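A quick note: this is a predicted structure, and the numbers were derived from the prediction, not measured. Chain letters run A, B, ... following the sequence lines, proteins first, then strands; residues in each count from 1.
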Amino acid sequence: MATALCVSCSSKPSTVTDKDFLPGRRKAGKIIENLDVGINVRSPISTGDSPNMTRGMKSSLEQRRRLLSFVDSGCFENALHVFEEITRPSTFIWNVLIRGLTDNGFYQEAIDLYYRMEWEGVGSDKYTFPFVIKACVGLFSLVDGQRIHSRVIKMGFDKDLYVCNSLVIMYSKLGCIEQSEKIFADMLVKDAVSWNSMISGYVASGDCLSSLTCFRDMQAARISCDRFSVISILGACSLYGCLLKGKEVHCQVIRRQLDSDPMIETSLIDMYGKCGLVEYSDRLFNRVSQRSVAVWNAIIGAYGLNDEPVRSFSCFERMLESDNLDPNAVTLINLLPSCARMRALVQGKSMHGFAIRKGMFPHVVLETALLDMYGKCGCLNLADSMFVQMKETNLISWNARIAAYVQSGNEKGALHVFQDMCSEHLHPDEITFVNILPAYAETALPKEGQQIHANIIKLGFGSSIFICNALIYMYAKCGDIQAAQLVFNCIVYKDVISWNTIILAYGIHGFGEISVRLFSDMMAEGIKPNGSTFVSLLASCSICGMVDEGQNYFSSMKTEYNIDPGIEHYGCMVDLLGRSGNIDLAKHFIDEMPLVPTARIWGSLLSASRYHRNIELAELVADRILSLEHDNTGCYVLLSNMYAELRRWADVESIRCSMQSQGLRRTTACSLIEYNGKALQITNNDCSHAEASMIYDALDIISRKIGDDLHVCGVLKFKPPDLIRRRAHSAMYHSARLAICAGLLSTPVGTPVLVRKNVRICEDCHNAAKIISEMTDREIVVGDPKFYHRFSNGKCTCKDYW
DNA sequence: ATAGGGTTAG
């Protein structure tokens, strides 16, 4: 950027700001005194040489020529030096210098010079203001802009077309589109620039509709649209995917023979890409004769936006092959989402390296795009270190960082980042909440969910469909299905995601019949189901044991709805068949399915073999899983638990060693409970809380009432030699039980007790919870990552399958 | 001598 230049005096480099306006005045005063002493008589400046010029005239003309040439060549030190030598420079001279400074990025200096001009009593003219107003835009200074605007009014230049156009542009670029509107409305004469400025101002403020309206009004006012209008209005069409309007503008472009204008070509390629017609972009691109970097960037972006990462990349490669074209930051920004989409971490990293070598940093947009790519490629540490080294961050980069944490399954981290962001006095927006709500969904209790919901409403995002959909899921996962239903009810225009989410919400709470009913409600409302609808529906059927219904829906997917089952659907079906009892059928299903089984698919079969206590199958399946994911902790733990149940302690030990040698650790089981209004986190055998002794006392009383744990829960399958080992595996003080007791202690009689767990509840605790619910006559709700068990009167809604 | 434009992150 511009280095500091001194415009308030020629001796010392400094700039005059509002704060030190007084010293500036003094300096300026001195200069005037000096100049006044030096030359007594000043001649009026003439525009050309004439034979009878005086010496003074000649030298002043010479100075003016030198000044102009210095300004033209960007030598401002010299230009300013000459300027200081001129006695009483004319308004024209001042204007030339202000223009030169503005055009070369010396915005502050241009503004300072204008203030000095004003102070020295040199009258500004209609030319002065467009230059200095442009400097305000460059400096992003609304304060200066408003001050200069008031000078415009006082001096009566607010009727000048050029000055008004400059003001319209200034206010729209400084984010005050209403001010632009006001000035525009008061203009008696408007030209194409005025209209175009309003149109592009609306586009910049994201107001697609106003910009289209303005474009229409412009034509109604019989101002013919030009290339500037076309480029702006295509931007408006891109904004909300107004394909029809875009095509209409394209027709006008052809009629006006503007279709070989390089910038219009770029805008058209971009517009078709953003409206989802990438074939049109491609066709246009192939006809472009002179391919600029911007055109390449547009087509790379168009493929990226239209889910064609491979073609996006091949464009990039072709671009590299063509001569004299250097990818710039925008190229990388447009390409990085394709890296993310393909999980092409190596390519993403090489983009990063390329950017470093080309000296593109710091660049907040590029850095955020890299952060996002790293997050989506599952490299949270790289995403985070990107953020840490960023010189400038903004709401978008914070949001991307939060998303990276959530995508990596680090919900706690995401919540911390969210807190940090708020303490930096950044105001969360709609996307912040859409990103952070899944973190609440995984970690929060209903009360915390209500708090974030209250914040959302307070900030005015309560009716956003994206947020409402995220809220439905959040409440359901936190255990409050009623709140989820309420949010759903309040959505005026429910979209397919709203329906998918509420269907799954009831599924995870064990109300499969409601899920099924909601699906038919959805059909009745004329909402077309998509693949995710069937994931919700099949998951609900499988969780709730509705085997026949699930199978029917699965077969109707293709026949009735023309949706090809994806890997998630097959996963649901394995779950479903697994619990039907016919485990061979489930295995056969996997062998026959047309997609390559993933570790998750095998994981479903592993769960089923555990339930049916089929250790041979479990071992076989575990082998498959570990060959796909050697670090699948869940698989080790499940197998180890099965060995423990069979008292095969040597196998238990060997799994423990195997995990240890790989540095794998069991997830520490913990339970969450609201205790006296606050979330309390409890681990197995946890004694760390102030409330611990009370909770343990309560548990002891209950244990005694329901019998010793080994009798109640051990189911007599353990013989004395196993007792010692068994004690080490005792579920007596598992977090779930401690949490249930804490809940019983801190809530009124008759209300349900709600516990959240990070791992599935063990069989012993499940049995205990059933008995406790009967004994205390309380409803106990225990949520694990998959399902909410609802215990009452000694029974659980899972019907003992989970 | 004065004003407007293409490709840019969540």
Side-chain angles (χ1 to χ4, degrees), chain A residues 68 71-72 91-100 102-103 124-134 137 157 160-170 172-173 191-201 203-204 226-235 238 261-271 273-274 281 292-302 304 327-337 340 363-373 375-376 386 390 393-404 406-407 428-432 434-436:
Chain A
L68 278 172
V71 167
D72 284 344
T91 300
F92 172 81
I93 294 288
W94 286 88
N95 289 350
V96 165
L97 201 49
I98 293 174
R99 185 203 67 194
T102 299
D103 287 349
S124 324
D125 62 12
K126 60 176 183 170
Y127 295 106
T128 315
F129 289 105
F131 302 138
V132 67
I133 290 169
K134 197 173 174 180
V137 175
F157 288 118
D160 182 85
L161 179 63
Y162 281 74
V163 173
C164 286
N165 284 346
S166 301
L167 285 168
V168 167
I169 292 153
M170 178 189 81
S172 89
K173 292 214 168 150
D191 66 358
V193 177
S194 328
W195 286 97
N196 291 343
S197 305
M198 265 332 282
I199 293 169
S200 72
V203 177
D226 58 14
R227 52 198 297 272
F228 292 94
S229 343
V230 165
I231 289 165
S232 295
I233 209 67
L234 286 173
S238 307
D261 181 300
M263 285 192 192
I264 292 180
E265 285 177 315
T266 308
S267 296
L268 280 168
I269 290 167
D270 179 59
M271 182 276 291
K274 294 209 169 104
S281 305
S292 64
V293 176
V295 181
W296 280 105
N297 292 349
I299 191 73
I300 288 169
N328 59 19
V330 180
T331 318
L332 304 188
I333 290 160
N334 283 350
L335 195 57
L336 281 165
H363 189 302
V364 65
V365 179
L366 178 55
E367 286 159 330
T368 306
L370 281 163
L371 191 171
D372 180 55
M373 179 275 296
K376 293 200 167 109
M386 187 78 245
M390 284 167 71
T393 56
N394 56 28
L395 186 58
I396 299 179
S397 37
W398 278 98
N399 285 349
R401 188 180 181 209
I402 291 172
V406 173
Q407 280 152 9
D429 68 357
E430 195 179 339
I431 294 174
T432 316
V434 170
N435 287 346
I436 199 68

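A:I98 places its CD1 atom 17 Å from the P atom of B:dA1, with the value rounded to the nearest Å. Between the P atom of B:dT8 and the CG atom of A:L335 lies a distance of 13 Å, rounded to the nearest Å. As a whole-Å value, the separation of A:R99 CZ from B:dT2 P is 7 Å. When rounded to the nearest whole Å, the span between CG of A:D191 and C1' of B:dA3 equals 8 Å. Following rounding to the nearest Å, A:D261 (CG) and B:dG4 (P) show an atom-to-atom distance of 17 Å.
Of the N and O atoms on the side chains of A:S267 and A:D270, not one donor lies less than 3.5 Å from an acceptor on the other residue.
The side chain of A:K126 lies closest to B:dT2, out of B:dA9, B:dT2, B:dA3. Here the side chain of A:K134 is nearest to one of B:dA9, B:dG4, B:dT7, namely B:dG4. Across B:dA3, B:dA9, B:dG4, the shortest atom-to-atom separation from the side chain of A:V364 is found for B:dA9. Taking the side chain of A:F131 as heavy atoms from C-beta on, and the options B:dG6, B:dT2, B:dT8, the nearest nucleotide is B:dT2. Of the candidate nucleotides B:dA3, B:dG4, B:dT7, B:dG4 has the atom lying nearest to any side-chain atom of A:K173. Of the candidates B:dG4, B:dG6, B:dT7, B:dG4 carries the atom nearest the A:A192 side chain, counting heavy atoms from C-beta on. Distance from the side chain of A:T368 is smallest to B:dA9 among B:dA9, B:dA1, B:dT7. In the set B:dA1, B:dG6, B:dG4, the nucleotide with an atom closest to the side chain of A:D125 is B:dA1.
Side-chain N/O atoms of A:S267 and base N/O atoms of B:dG6 include no donor-acceptor pair closer than 3.5 Å. The base of B:dA3 lies outside donor-acceptor range of the side chain of A:S166, with no N or O pair under 3.5 Å. With hydrogens and angles ignored, a donor-acceptor pair under 3.5 angstrom links the side chain of A:N394 to the base of B:dA9. With hydrogens and angles ignored, a donor-acceptor pair under 3.5 angstrom links the side chain of A:S292 to the base of B:dG6. No hydrogens or angles were tested; on distance alone, a donor-acceptor pair under 3.5 Å links the side chain of A:N95 to the base of B:dA1.
Among the heavy atoms of the strands, none lies under 4.0 Å from A:T128.
Here the side chain of A:S238 pairs no donor or acceptor atom with the backbone of A:K274 at under 3.5 angstrom. Judged by distance alone, the side chain of A:D372 and the main-chain N or O of A:A400 form no donor-acceptor pair under 3.5 Å.
A:L335 CG to A:I300 CD1: the interatomic distance, rounded to the nearest 0.5 Å, is 6.0 Å.
Applying the ring-ring contact (aromatic ring centres under 6.0 Å, His included) rule to A:Y127 yields no partners; only residues at least two apart in sequence or on another chain are considered. Remark: A:F131 pairs with no residue by the ring-ring contact (aromatic ring centres under 6.0 Å, His included) rule, at least two apart or across chains.
Applying the 5.5 angstrom centroid cut-off and the 30 degree plane-angle cut-off, the aromatic ring of A:Y127 is not stacked upon the base of B:dT2.
The phosphate of B:dT8 has OP1 or OP2 within less than 4.0 Å of a side-chain N or O from A:K274.
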